[in-house]
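Note that these values count all heavy atoms, side chains included, but never hydrogens, waters or copies made by symmetry. Throughout, numbering of the chain's residues begins at 1 and tracks the sequence.
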Amino acid sequence: MKTNMENIQHKNIKVNDINMHVAEIGEGPAVLFIHGFPELWYTWRHQMLFISSKGYRAIAPDLRGFGDSEAPPSSTSYTALHIVGDLVCLLDSLGLDKVFLVGHDWGAIIAWYMCLFRPDRIKALVNMSVVYNPRNPLVKPMEFMRQTFGDDFYICRFQEIGWEEEFAKVDTKMLLASFYFKRHPKPPMMSKDFAKDFKPTPCNVPCWFTDEDLDYFASKYHATGFAGPFNYYRCFDLNWELCAAWTGSKIMVPVKFIVGDIDMTYNFPGIKEYIHAGGFKESVPRLEPVVVMEGVGHFINQEKPQEINNHIYDFITKF
């Protein structure tokens, strides 16, 4: 594994007026991997090695504000239009017209937006954990979340400017472990005194993760802090305002969607019904039958790498 990882090439590319760190390996049709929070390009290590061994070019950037990519200081510089703009500029700089797209968590949200804004650049999409939520013109996202979950809901907490300083008071490795190894599907809640109330369980690294993996993520987040990632959450309402023109739009590219049944996103109110009663298919007409993986949590591509590798490969080989 380590030897193969050493074959992954790293470069910094100027896109959309920021410096973006990009990891890539392999030759052939391009597959663009988009990570979530609290993750980095590294979350796709298993998929990159597998897909590249099958004759594809695997490309995984650190999104703006994450890892070794540049982090603009303004919270309003992290809208979906900015992030998709970065990725389109990345494809242009690499000379790529169309790519296969793979997303997870925030990467899934950005992937849905990319399919809305620039379907001409996407051959097909494999998305994980976060379904496509069509814009509701009657209610802003944060208003809905506060009504549904309350002010202690983690996304509501992340709205508070300076909350990254609260995270900085906690050991980065223990904090990330509390996210990665969470095994119950309840939505994360955070009190106003998060750092004082943070009581991590003993950090038992599961078999699908290693101490080396945790050290890599922790070293990057310790160096950069959490301001950049939190700014994605702070743009929920701004995205809603900016994307009014896409109200009622459907996702028209071919899509495979995969989720774990103990992923909190699958257990949010109304999501199972939306997926299984036809609403999701209505919004994403070219959606393949949804894969729900039993006993699997949120970080699905790391927890079940071979299964996810096979799902990605089996789907993209159809095109």
Participant: Between Thr265 and Asp263, does any side-chain donor sit less than 3.5 Å from a side-chain acceptor?
Facilitator: yes
Participant: Donor-acceptor pairs are to be reported for all side-chain atoms of residues 29-36 against protein atoms at under 3.5 Å, with residues two or more places apart or in another chain.
Facilitator:
| from | atom 1 | to | atom 2 | distance (Å) |
| --- | --- | --- | --- | --- |
| His35 | NE2 | Leu63 | N | 3.0 |

Participant: Quick one, Ile308 and Ile258 - any side-chain contact, counting heavy atoms below 4.5 Å?
Facilitator: yes
Participant: Is it possible for you to say whether Met190 and Phe153 belong to one hydrophobic cluster, with membership spreading through side-chain heavy-atom contacts below 4.5 Å?
Facilitator: yes
Participant: Can you list every salt bridge (charged side-chain N to carboxylate O under 4.0 Å, His left out) pair that touches residues 220-238, not counting sequence neighbours?
Facilitator: Asp68-Lys220, Glu164-Arg234
Participant: Using the test side chain to side chain donor-acceptor pair (under 3.5 Å), find all partners of Lys140 that sit at least two apart in sequence or belong to another chain.
Facilitator: Glu241
Participant: Would you call Lys196 and Glu166 a salt bridge, using N to O less than 4.0 angstrom?
Facilitator: no
Participant: When rounded to the nearest 0.5 angstrom, what is the spacing between CG in Asn16 and CG in Leu90?
Facilitator: 11.0 Å
Participant: Do Phe194 and Phe167 have ring centroids that are under 6.0 Å from one another?
Facilitator: yes
Participant: Can you check whether Ala244's main-chain N or O pairs, donor with acceptor, with Thr247's side chain at less than 3.5 Å?
Facilitator: yes
Participant: Of all heavy-atom pairs between Pro72 and Ser77, which one has the smallest distance, and what is that distance?
Facilitator: CB-CB, 3.9 Å
Participant: Would a single hydrophobic cluster contain both Val291 and Ile262, if residues Ile, Leu, Val, Met, Phe, Trp and Tyr are joined by side-chain heavy-atom contacts under 4.5 Å?
Facilitator: no
Participant: Check whether more than 12 heavy atoms from other residues, nucleotides or ligands sit under 6.0 Å from atom CD of Gln306, and answer yes or no.
Facilitator: yes
Participant: How close do Tyr132 and Ser249 get, heavy atom to heavy atom, and via which atoms?
Facilitator: OH-O, 2.9 Å
Participant: In this structure, are over 12 heavy atoms from other groups packed under 6.0 Å from Gln147 atom CD?
Facilitator: yes
Participant: Kindly state whether the ring of Phe226 and the ring of Phe158 have centres lying under 6.0 angstrom apart.
Facilitator: no
Participant: Using modelled atom types and a 3.5 Å cut-off, is there a donor and acceptor pairing between side-chain atoms of Asn127 and backbone atoms of Val102?
Facilitator: no
Participant: Looking only at non-hydrogen atoms, find the nearest pair between Ile275 and Phe257 and report the distance.
Facilitator: CD1-CE2, 4.3 Å
Participant: Contact between Cys156 and Phe149 at the side-chain level, heavy atoms closer than 4.5 Å - yes or no?
Facilitator: no
Participant: Report yes if the distance between the aromatic ring centroids of Phe217 and Tyr221 is under 6.0 Å, otherwise no.
Facilitator: no
Participant: Please list all pairs passing the ring-ring contact (aromatic ring centres under 6.0 Å, His included) test where one or both residues lie in residues 71-100, with sequence neighbours left out.
Facilitator: Tyr78-Tyr232
Participant: Among Val284, Val255, Leu287, Ile316, find the residue that satisfies the side chain to side chain contact (heavy atoms under 4.5 Å, CB included) test when tested with Leu125.
Facilitator: Val255
Participant: Are side-chain heavy atoms of Val99 and Lys123 found at a separation under 4.5 Å?
Facilitator: no
Participant: Can a salt bridge be assigned to the pair Glu288 and Lys281 using a cut-off of 4.0 Å between side-chain N and carboxylate O?
Facilitator: no
Participant: Test the Arg135-Trp246 pair against the cation-pi criterion, namely NZ or CZ under 6.0 angstrom from the six-membered ring centroid and within 45° of the ring axis.
Facilitator: no
Participant: If we ignore angles and hydrogens, is there a donor and acceptor under 3.5 Å between the side chains of Lys186 and Asn267?
Facilitator: no
Participant: Can you label the angle between the Tyr56 ring and the Tyr313 ring as parallel, tilted or perpendicular, going by 30° and 60°?
Facilitator: perpendicular
Participant: Among all residues two or more places apart in sequence or in another chain, which pass the salt bridge (charged side-chain N to carboxylate O under 4.0 Å, His left out) test with Lys14?
Facilitator: none
Participant: Answer yes or no: are there more than 12 heavy-atom neighbours, outside Lys256 itself, under 6.0 Å from its atom NZ?
Facilitator: yes
Participant: Write down the atom of Ile300, the atom of Ser129, and the distance for their closest heavy-atom approach.
Facilitator: CG2-OG, 4.3 Å
Participant: Got a second to check how far Tyr216's OH is from Met5's CE, nearest 0.5 Å?
Facilitator: 8.0 Å
Participant: Between Ala60 and Trp44, which heavy-atom pair has the shortest distance, and what is it?
Facilitator: CB-CD1, 4.3 Å
Participant: Taking only residues two or more places apart in sequence or in another chain, which ones pass side chain to side chain donor-acceptor pair (under 3.5 Å) with Asp151?
Facilitator: Arg146
Participant: Minimum heavy-atom separation for Gly67 and Thr224, please, with both atom names.
Facilitator: O-CG2, 3.4 Å
Participant: With sequence neighbours excluded, tell me which residues meet salt bridge (charged side-chain N to carboxylate O under 4.0 Å, His left out) with Glu24.
Facilitator: Lys11, Arg57
Participant: Using a 6.0 Å cut-off, check whether atom CG of Asp17 has over 12 heavy atoms from anything other than its own residue.
Facilitator: no
Participant: Check side chain to side chain donor-acceptor pair (under 3.5 Å) between Tyr274 and all other residues, then give those that pass, not counting sequence neighbours.
Facilitator: Ser283
Participant: Taking Phe319 as the starting point, is it possible to reach Val126 by hopping between hydrophobic residues whose side chains are less than 4.5 Å apart?
Facilitator: yes
Participant: I want to check something: taking the side chain as every heavy atom from C-beta on, are Val22 and Asn12 in contact at a cut-off of under 4.5 Å?
Facilitator: no
Participant: Counting N and O atoms only, with roles assigned by atom type, does the side chain of Gln47 sit under 3.5 Å from a partner on the main chain of Asn301, one being a donor and the other an acceptor?
Facilitator: yes
Participant: Can you tell me which residue pairs pass the salt bridge (charged side-chain N to carboxylate O under 4.0 Å, His left out) test with a partner in residues 70-94, sequence neighbours excluded?
Facilitator: Arg64-Asp86, Asp92-Arg121
Participant: Any heavy-atom pair between the side chains of Trp41 and Pro61 that's under 4.5 Å?
Facilitator: no
Participant: Answer whether the closest heavy-atom distance between the side chains of Thr172 and Leu175 falls below 4.5 Å.
Facilitator: no
Participant: Anything under 3.5 Å between a donor and an acceptor, one on a side chain of residues 105-117, the other on a protein residue two or more places apart or in another chain? List them.
Facilitator:
| from | atom 1 | to | atom 2 | distance (Å) |
| --- | --- | --- | --- | --- |
| Asp105 | OD1 | His298 | NE2 | 2.7 |
| Asp105 | OD2 | Phe37 | N | 2.8 |
| Trp112 | NE1 | Val130 | O | 2.8 |
| Trp112 | NE1 | Val131 | O | 3.4 |

Participant: Are the side chains of Met142 and Ile155 in contact, using a 4.5 Å heavy-atom criterion?
Facilitator: yes
Participant: Not counting sequence neighbours, which residues clear salt bridge (charged side-chain N to carboxylate O under 4.0 Å, His left out) with Asp314? List them please.
Facilitator: none
Participant: Under the criterion ring pair (Phe, Tyr, Trp, His ring centres under 6.0 Å), which of Phe209, Phe179, Tyr180 is the partner of Phe299?
Facilitator: Tyr180
Participant: Would you mind reporting whether Leu101 and Leu87 have side-chain heavy atoms less than 4.5 Å apart?
Facilitator: no
Participant: Is Lys173 paired with Asp171 through a side-chain N to carboxylate O contact shorter than 4.0 Å?
Facilitator: no
Participant: Is it the case that more than 12 heavy atoms not belonging to Glu165 sit under 6.0 Å from its CD atom?
Facilitator: no
Participant: Mind checking side chain to side chain donor-acceptor pair (under 3.5 Å) for Asn133 and listing every partner two or more places apart, or none if nothing turns up?
Facilitator: none
Participant: So, taking the atom named CG in Asp213 and the one named OG1 in Thr43, what distance separates them when rounded to the nearest 0.5 Å?
Facilitator: 9.5 Å
Participant: Do Leu96 and Val15 share a hydrophobic cluster, counting only Ile, Leu, Val, Met, Phe, Trp and Tyr and linking them when any side-chain heavy atoms are less than 4.5 Å apart?
Facilitator: yes
